> 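I'd like to ask some things about the structure below.
What you are looking at is a predicted structure, and each value in this text was computed from that prediction instead of being measured.
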Amino acid sequence: MSFFTGTAKMVNTSPIPGEAGGHKITKEAAVALLHDHDFFLKCEPHYVSHRTLAPQQPDANVDASAAKRAYQLPPGLEPLGSPAVKLYEVVDHVPNPVWSSSVVSKEEFVDFRDGLWVRIRSPLAVVMETKWTIRERSGAGGEQEEEEGGLELVEDVDISCSKLLLGIVKAQVDDNWKGIHGKIVDRLVEDAKRGKAEE
């Protein structure tokens, strides 16, 4: 890592209601929604478009162990499905005070048992690795937890970029996370009301 590179870690958490419309919201339904990459990508407030990319190396995605080596996935991450790592090119329209611009990023998605892991490589050497997890709510218990349910959505973000950009990237994550979480939770509630979140 260069002297000019800065890093930051951020964790954002949102509660998930236990039920909606008389139907339970299950962990399986919440994880399945994170595994719906088309939906997930469109939760980003600056999203414009995306397309699927072919693997950089033909043998990189044959199985989970090959993908872990080829993509240098973090220890303990166990990919599900095939291909183990799904690649996307994503276009976002990022407004700023001076001008607005389209930003094209390369993104690596890995489904795992409790959620989704995403690595975003953006221009100017900005790299974000985010682990999205559905878990039992911390300290679950008591009457209030029983009424609301015991699940939560956890977004665990690691940022690496130029120290000059670090504050801007952190601010963008901070500005966007509530909206992204809200779209995910709202969709779970809608699905539950239609009886889909129990499936």
> So which heavy atom on Ile25 is nearest to which on Leu151, and how close?
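Here Ile25 and Leu151 meet closest at O-CD1, 3.8 Å.
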> Kindly determine whether Asp191 and His23 satisfy side-chain hydrogen bond (donor to acceptor under 3.5 Å, both in side chains), including the steps that lead there.
CA-CA 9 Å; Asp191 286 352; His23 296 278; over 6 Å; no
> Walk me through it: do Asp158 and Lys131 pass the test salt bridge (charged side-chain N to carboxylate O under 4.0 Å, His left out)?
CA-CA 9 Å; Asp158 288 299; Lys131 188 175 186 182; over 6 Å; no
> Is the distance between the ring centroids of Trp132 and His181 under 6.0 Å?
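Yes, the ring centres sit under 6.0 Å apart.
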> Kindly indicate whether the side chain of Tyr71, heavy atoms from C-beta on, has any atom under 4.5 Å from the side chain of Leu87.
yes
> With a 4.0 Å cut-off, would you call Asp156 and Lys9 a salt bridge?
yes
> I'd like to check Arg135 versus Val154 (side-chain heavy atoms, cut-off strictly below 4.5 Å). Are they in contact?
yes
> Might you work through the side-chain contact (heavy atoms from CB on, under 4.5 Å) test for Glu129 and Val118, ending with a clear yes or no?
CA-CA 6 Å; Glu129 295 182 353; Val118 180; over 6 Å; no
> Are Phe109 and Leu116 side-chain neighbours, meaning at least one heavy-atom pair lies under 4.5 Å?
yes
> Can you tell me how far apart CD1 (Ile168) and OG (Ser162) are? Round to the nearest 0.5 Å.
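Reported to 0.5 Å precision, the distance equals 9.0 Å.
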> Report the distance from atom CD of Glu190 to atom NZ of Lys183, rounding to the nearest 0.5 Å.
12.0 Å
> Side chains of Glu107 and Leu41: closer than 4.5 Å at any heavy-atom pair?
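Yes, at least one pair of side-chain atoms sits under 4.5 Å.
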> Please step through side-chain contact (heavy atoms from CB on, under 4.5 Å) for the pair His46 and Gln172, ending with a clear verdict.
CA-CA 11 Å; His46 305 299; Gln172 189 174 24; 3.7 Å; yes
> Are the side chain of Asp63 and the backbone of Ser65 linked by a donor-acceptor contact shorter than 3.5 Å?
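At least one qualifying donor-acceptor pair exists.
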> Are the side chain of Glu19 and the backbone N or O of Gly22 linked by a donor-acceptor pair below 3.5 Å?
yes
> What are the two closest non-hydrogen atoms of Pro123 and Val104, and how far apart are they?
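In this case the closest contact between Pro123 and Val104 is CD-O, 3.4 Å.
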> Which atom pair, heavy atoms only, marks the closest approach of Leu165 to Leu124?
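Answer, listing the atom of Leu165 first, then Leu124: CD1-CB, 3.7 Å.
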> Evaluate Val173 against Met128 for side-chain contact (heavy atoms from CB on, under 4.5 Å), listing each step before the verdict.
CA-CA 10 Å; Val173 172; Met128 291 192 346; 3.9 Å; yes
> Give the minimum heavy-atom separation between Leu188 and Ala30, together with the two atoms involved.
CD2-CA, 3.6 Å
> Can you tell me if Lys106 has over 12 outside heavy atoms packed within less than 6.0 Å of its NZ?
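Counting other residues, nucleotides and ligands, NZ of Lys106 exceeds 12 neighbours.
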> Do the side chains of Pro15 and Arg137 get nearer than 4.5 Å, heavy atoms only?
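Heavy-atom side-chain distance check passes, below 4.5 Å.
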> Flag the pair Pro79 / Val85 as yes when at least one side-chain heavy-atom distance between them is below 4.5 Å, and no otherwise.
no
> Flag the pair Lys68 and Glu78 as a salt bridge only when some basic side-chain nitrogen lies within less than 4.0 angstrom of an acidic carboxylate oxygen.
yes
> Strictly below 4.0 Å, N to O, side chains only: are Lys86 and Glu108 in salt-bridge contact?
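Salt bridge absent between Lys86 and Glu108.
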> With side-chain contact (heavy atoms from CB on, under 4.5 Å) as the criterion, how do Trp177 and Ser14 come out once you've worked through the C-alpha distance, each side chain's angles and the decisive distance to 0.1 Å?
CA-CA 10 Å; Trp177 77 267; Ser14 295; 3.5 Å; yes
> Can you find a pair of side-chain heavy atoms, one from Thr5 and one from Ser160, that are under 4.5 Å apart?
yes
> For Phe112 and Trp117, work out which heavy atoms get closest and say how close.
CE2-N, 3.7 Å
> Please report the closest heavy-atom contact between Phe39 and Leu33, naming both atoms and the distance.
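Nearest pair, atom of Phe39 first, then Leu33: CD2-CD1, 3.5 Å.
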